[in-house]
Structures are given as structure tokens and as C-alpha cells.
J.: 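Okay, handing you the structure first.
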Protein chains: 2
Amino acid sequence: MKLYSMHSKFYVAVDCIIFGYDIAEKEIKLLLIKRSFEPAKGNWSLAGGFVNEDESLDAAASRVLSSLTGLKNVYMKQLHSYGEVKRDPEARVISTAYWSLIKIKDIDKELSDKNEAHWQSLKKLPKLIFDHKSMVDNAMSELQVQIKIKPVGFELLPEKFTLVQLFDLYEAIYQRTIDKRNFRKKIITMNILEKLDEKEKVTSKRGAYYFRFIKERYKKVVLGGFYFNLDVN
Amino acid sequence: MKLYSMHSKFYVAVDCIIFGYDIAEKEIKLLLIKRSFEPAKGNWSLAGGFVNEDESLDAAASRVLSSLTGLKNVYMKQLHSYGEVKRDPEARVISTAYWSLIKIKDIDKELSDKNEAHWQSLKKLPKLIFDHKSMVDNAMSELQVQIKIKPVGFELLPEKFTLVQLFDLYEAIYQRTIDKRNFRKKIITMNILEKLDEKEKVTSKRGAYYFRFIKERYKKVVLGGFYFNLDVN
DNA sequence: TTAATAAATGTAAAAAATACACTCTATAAT
DNA sequence: ATTATAGAGTGTATTTTTTACATTTATTAA
């Protein structure tokens with residue numbers, strides 16, 4: 001049982017880039033915490049944690065996310081592993097980053113407060129520890145790629161949303177203006193949304209119809225060779 | 001210096017999915033080795049190795065690739081980290097996979113022979129150890145994505161190549177037939193190739209003109225907002 | 001009744017993708 | 001010298017997709 005004993009062992013951590021969307025402010029936000037231990041205690045950091053003996057990387061990332069937000073089974077993908085020798089000044093730690101999309105209103109406020117977690121606007125991020133800023137940058141690039149080709153935007157919106165809200169979300173992620181009519185045309189043509197009878201009447205007198213993303217419809221059209229694509233001008 | 005000492009440490013390895021292209025057989029090949037140590041000694045495996053204390057993940061992957069092929073500074077990207085608890089039956093090992101594109105003729109034959117490395121056709125892969133098969137599948141998917149949107153195909157071809165060779169490479173990676181005229185039209189229009197005066201005259205009497213990929217031209221058009229796209233019918 | 005505000009809508013033009021079959025060139029065989 | 005062969009190379013019309021762009025509609029509060 002010591003076939004590998006001549007090799008070195010390492011601390012392995014996971015870090016989570018947790019994206020949320022603020023509908024009112026039309027902004028992507030990141031869930032950051034004040035680091036609770038040394039080194040760099042008290043500094044802004046991604047949610048992270050060390051991997052345990054009996055859990056996979058994916059499980060560790062889920063645990064970290066869940067311990068901060070109370071959420072399980074949310075959208076989470078592995079991003080990249082960061083393995084520079086000196087990335088953590090304290091010791092050699094290899095970190096696998098995961099990015100995740102959640103609905104801000106779904107988090108357990110008590111839990112996140114206890115862990116000193118705060119939603120920070122992507123546009124004015126504080127300084128982050130270690131290489132966490134480049135993790136965020138890479139995750140944002142990945143989000144910008146995925147939002148065009150997979151229906152991941154709905155992970156950031158409530159069950160019911162208006163086309164204007166969806167449109168604003170896309171503008172926030174693309175970080176540019178897009179054509180409203182072409183956007184609506186394209187998403188409607190995809191036939192993966194259901195229009196509800198209900199209207200959102202807070203932001204306008206006329207009100208905007210709510211829509212719902214129908215995962216089953218999406219799966220069905222994908223089987224028929226459909227490729228999601230919202231790379232609109 | 002023991003801030004993290006309550007946490008577990010792990011063996012960390014890298015595995016390399018090394019792709020090559022066989023022009024004559026029009027096939028993508030994988031560089032596999034006969035594993036030289038237990039467990040699973042003698043079985044087919046990806047090129048891999050344990051990470052050392054003083055090297056980054058990227059450096060470890062480069063070392064593994066180089067020790068098997070003699071090659072440095074080739075196309076290599078991190079793919080994914082595999083962290084299932086029981087993925088290696090001997091001990092907990094977390095492995096970060098890298099995929100790489102090389103020119104088969106460039107490898108140091110003596111080195112690769114010594115390591116019992118063999119090029120295997122992707123179409124009839126032998127059984128691989130642990131989770132290496134899923135690493136290969138994931139890498140192949142990634143290659144199929146990247147070949148469409150980045151000029152990575154040229155990494156698999158010699159400096160000089162004919163349009164027929166490039167076309168065959170794309171068919172091999174897409175795993176479907178594509179339209180010859182539309183393909184030629186599209187790649188020529190991109191203006192990133194230089195036509196040479198020389199002809200390849202082995203495979204036909206008439207001969208086919210050699211072309212060369214001009215990286216500088218590619219970089220220039222990218223700055224002008226050009227997006228490489230060879231997703232042709 | 002009217003003013004105000006955001007939601008919703010359609011069409012024409014341009015660009016890109018697709019489908020498709022014959023000619024050209026060089027050599028080797030007669 | 002002529003011809004057969006085999007792979008390299010080429011153009012156009014049609015369809016589909018993308019783009020650009022401005023007015024009308026619905027509701028409420030004044």
C-alpha cells in the first residue's frame with residue numbers, strides 16, 4: 001500500500017465563483033466573503049475550502065457553495081485548476097475553481113450573513129486575495145461564452161420573468177447594447193419559452209407579460225438538432 | 001507554518017491527451033503508453049505523472065509531454081481535473097488532464113520507444129486504465145469545439161500542407177463529410193494562408209499546391225474583429 | 001380626457017450559408 | 001504522339017440568417 005509513497009502530497013482546495021443577477025440594478029453580482037482565517041484574514045475572497053479525504057472535487061465545491069448559501073443542485077461547472085507554486089503564500093495549495101449561477105433571492109440570508117458573505121457588483125470589485133481575481137476574470141469569460149450557446153441565463157432569473165428582464169440580463173453579461181427587436185424575435189422563435197397570462201406591473205403601467213423557460217421543450221428541440229444561439233447584434 | 005495542518009493532503013497527477021494526425025491514413029491518433037508501474041502495470045494509459053513540490057500543474061504537464069516526446073512549446077491546454085475518490089484504486093489521486101496537439105513526425109522516436117509509447121487510432125482505442133477513457137472523450141469534444149473557432153488544426157499538420165490535407169483533417173475531426181468547395185472558399189477568404197509555388201506531387205499527377213499558415217496574418221485580422229470559423233457544411 | 005411611460009411589434013436589405021458538377025493538369029501507358 | 005487516368009481545382013444561384021431601424025399599444029395617474 002505504499003506504491004506512491006515516494007511522491008509528494010498537496011493541499012487541494014476548491015474556490016467558487018458565484019454569480020447572481022440583480023434585476024433592479026441590471027447588474028451581475030458576485031458572492032464574496034471576508035476571509036475568516038490566516039493568511040490574508042479579513043480580506044475579500046471567493047468562497048473556498050479544502051477538499052476532504054472522502055469527497056470528490058465536485059462534492060467539495062457543492063459543500064462549499066451549500067454551506068454559504070444553503071443551496072443544493074444549482075448550476076455549477078468546473079472552471080480550471082490553479083497550480084502555481086506560490087499562489088498561496090502560506091503553503092502549496094492547488095485550487096480547482098468552479099463557477100455557479102444562482103438566484104440571489106434563493107440564498108439563505110442567515111447562513112450567508114454568518115459567513116460574512118456579500119454580493120458585490122462585478123463592475124466595482126474590491127481587491128481579492130491570491131489569484132482570485134484571475135479566477136473571476138476567467139469565469140466571466142466562460143459565462144460570456146456559455147450564455148450565447150446554452151440556456152444558462154435562466155439560472156439567474158426567477159421562474160417567471162419578462163422578456164425585458166431577460167434582455168437586460170443579456171446586456172449585462174455581454175457588456176454591450178443589443179437590439180431589442182432582434183433579441184425578442186430570436187428567443188421567441190426558439191420556442192423554449194411559455195408566455196403566461198400574468199403581467200409584471202411594477203416597472204410600467206402597461207405591464208409586461210411573464211414568461212417561463214420550459215426545459216422539456218428545450219430538450220426536445222435539441223434532440224431535433226437545434227442549437228441554442230443568442231449571439232444577437 | 002502550520003495554519004493548514006488540520007487539512008488533508010493528496011497525491012496530484014497530470015495526464016496528457018496527446019493528439020496527432022496521420023496524413024496518409026487520414027486519422028486522428030492518440031499517443032498512449034504501456035503503464036510501467038503498479039497498479040495496472042502493463043495496461044494502456046495516457047502519459048501521466050505525479051506533480052512535484054516545486055513545479056506548477058502546467059509545468060508538470062509540460063514535463064510529462066516532453067519526457068515522452070522530446071517536444072517543448074507545443075500546443076497544450078488544461079482540460080479538466082478529475083477528482084473522484086476511487087478513480088485510482090491504489091490511493092486517492094487527483095489528476096488534472098491536459099490535451100495537446102503535436103506533429104507526429106516531430107517526436108523523438110527513441111524517447112517514445114523507450115517509454116513504450118504508441119500511436120493508436122482514435123477509432124479503435126484499446127481499453128484504458130482508470131478514468132482515462134472519459135478524459136479522452138472529453139478532450140475529443142474539446143478538440144471538436146476548438147477546431148471550429150480557433151486555427152488549431154495547423155498544429156497537427158506540417159509547416160507546408162495542401163488544402164486537401166487540411167480538408168481531410170477537418171473531416172477526420174468533425175467525423176463527417178464536408179463540402180469541399182465551401183471549405184476551400186471559406187479558408188481562402190480568411191486570408192490567413194499563403195499559397196506557395198511548390199506542389200505536393202506524391203498523391204496525384206497534377207499535384208496540389210502547398211500552403212502555409214501565417215500566424216501574423218491571423219493575429220492581424222483578429223485585431224480587426226475577425227472571428228475564425230470553419231463550421232462549414 | 002389626456003399625458004406619460006414602458007411594452008410590443010414588422011419589414012426590407014445585406015450578408016452568410018448552402019447545394020451542386022464539371023474542367024483542368026500532369027503523368028504513365030500504349 | 002495520343003490517350004486514359006486520377007486527383008486538384010473552380011463558380012453560381014438559392015436559401016437562410018442577420019441586421020438595421022421607428023411607430024403603435026396598453027395602462028394608469030393626473
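Remember, it's a predicted structure, so these values are computed and weren't measured experimentally.
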J.: Starting at atom OH of Tyr209(A), determine the distance to atom P of dA7(C), rounded to an integer number of angstrom.
T.: 14 Å

J.: Given dA8(C), dG9(D), dT9(C), identify the nucleotide with an atom nearest to the side chain of Ala208(A).
T.: dA8(C)

J.: Any donor-acceptor pair under 3.5 Å linking the side chain of Asn115(A) with the backbone of Leu111(A)?
T.: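 Yes, the answer is positive, given that a donor and an acceptor are paired below the 3.5 Å cut-off.
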
J.: Aromatic ring centroids of Trp44(A) and His118(A) under 6.0 Å?
T.: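 So the answer is yes for these two rings.
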
J.: Rounded to the nearest Å, what distance is computed from the OH atom of residue Tyr210(B) to the C1' atom of nucleotide dA8(D)?
T.: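 About 14 Å, once rounded to whole Å.
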
J.: Name the closest nucleotide to the Ser204(A) side chain, picking from dA6(C), dA8(C), dA8(D).
T.: dA6(C)

J.: Between the base of dT18(D) and the side chain of Lys185(A), is there a donor-acceptor distance below 3.5 Å?
T.: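 When only heavy-atom distances are counted, Lys185(A) does not reach the base of dT18(D) through any donor-acceptor pair under 3.5 Å.
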
J.: Measure NZ/Lys201(A) against C1'/dT27(D) and give the value in whole Å, please.
T.: 5 Å

J.: Considering the options Asp231(B), Val232(B), Leu230(B), Asn233(B), which one meets the side-chain contact (heavy atoms from CB on, under 4.5 Å) requirement together with Ile178(B)?
T.: Val232(B)

J.: Could you label the plane-to-plane angle of the Phe154(A) and Phe228(A) rings as parallel, tilted or perpendicular, counting under 30° as parallel and over 60° as perpendicular?
T.: perpendicular

J.: Can we say Glu198(A) and Lys160(A) salt-bridge, meaning some charged N sits less than 4.0 Å from an Asp/Glu carboxylate O?
T.: yes

J.: For dT18(D) and Lys186(A) - does any side-chain N or O of the residue sit under 4.0 Å from the phosphate oxygens OP1/OP2?
T.: yes

J.: Do you know the tightest heavy-atom contact between Leu169(B) and Gly153(B)?
T.: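 Between these two residues, the closest heavy atoms are CD2-O, 3.4 Å.
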
J.: What is the distance, rounded to the nearest whole Å, between atom CG of Asn182(A) and atom P of dA13(C)?
T.: 16 Å

J.: Heavy atoms within less than 4.0 Å of DNA chain C: which residues of residues 188-200 of chain B have one? Give them sorted by number.
T.: Lys199(B)

J.: Only one of Leu156(A), Leu193(A), Ile23(A) clears side-chain contact (heavy atoms from CB on, under 4.5 Å) with Phe161(A); which?
T.: Leu193(A)

J.: What residues form a ring-ring contact (aromatic ring centres under 6.0 Å, His included) with Phe183(B), not counting sequence neighbours?
T.: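 Once residues adjacent in sequence are excluded, the partners of Phe183(B) under the ring-ring contact (aromatic ring centres under 6.0 Å, His included) criterion are Phe167(B), Tyr170(B).
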
J.: Heavy atom of residues 226-233 of chain A under 4.0 Å from DNA chain C: which residues?
T.: none

J.: For a salt bridge (charged side-chain N to carboxylate O under 4.0 Å, His left out) check, start with the C-alpha distance between Glu171(B) and Lys26(B), then their side-chain angles and the critical distance, and finish with the verdict.
T.: CA-CA 9 Å; Glu171(B) 282 201 335; Lys26(B) 303 179 185 181; over 6 Å; no

J.: DNA chain D: Asp179(B) or Thr162(B), which has the more 5' nearest nucleotide?
T.: Thr162(B)

J.: Considering only heavy atoms and no angle criterion, is a donor-acceptor pair shorter than 3.5 Å present between the side chain of Arg206(A) and the base of dA26(D)?
T.: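 Side chain to base: no pair below 3.5 Å.
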
J.: In whole Å, I'd like the distance from the CG atom of Asp168(B) to the P atom of dG9(D).
T.: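 To the nearest whole Å, that distance equals 12 Å.
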
J.: For the pair made of CD1 in Ile23(A) and P in dA6(C), what is the distance, rounded to whole Å?
T.: 17 Å

J.: Output yes when at least one side-chain N/O atom of Arg184(A) is less than 4.0 Å from OP1 or OP2 of dA8(C), else no.
T.: yes

J.: For dA28(C) and Lys205(B) - does any side-chain N or O of the residue sit under 4.0 Å from the phosphate oxygens OP1/OP2?
T.: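 So the side-chain polar atoms of Lys205(B) never come under 4.0 Å of the phosphate oxygens OP1 or OP2 of dA28(C).
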
J.: Looking only at side chains, do Asp58(B) and Tyr98(B) share a donor and an acceptor under 3.5 Å apart?
T.: yes

J.: Rounded to whole angstrom units, what separation is found between the CD atom of Gln165(B) and the C1' atom of dG7(D)?
T.: 13 Å

J.: Nearest whole angstrom, please: distance from the P of dG7(D) to the CZ of Phe167(B).
T.: 14 Å

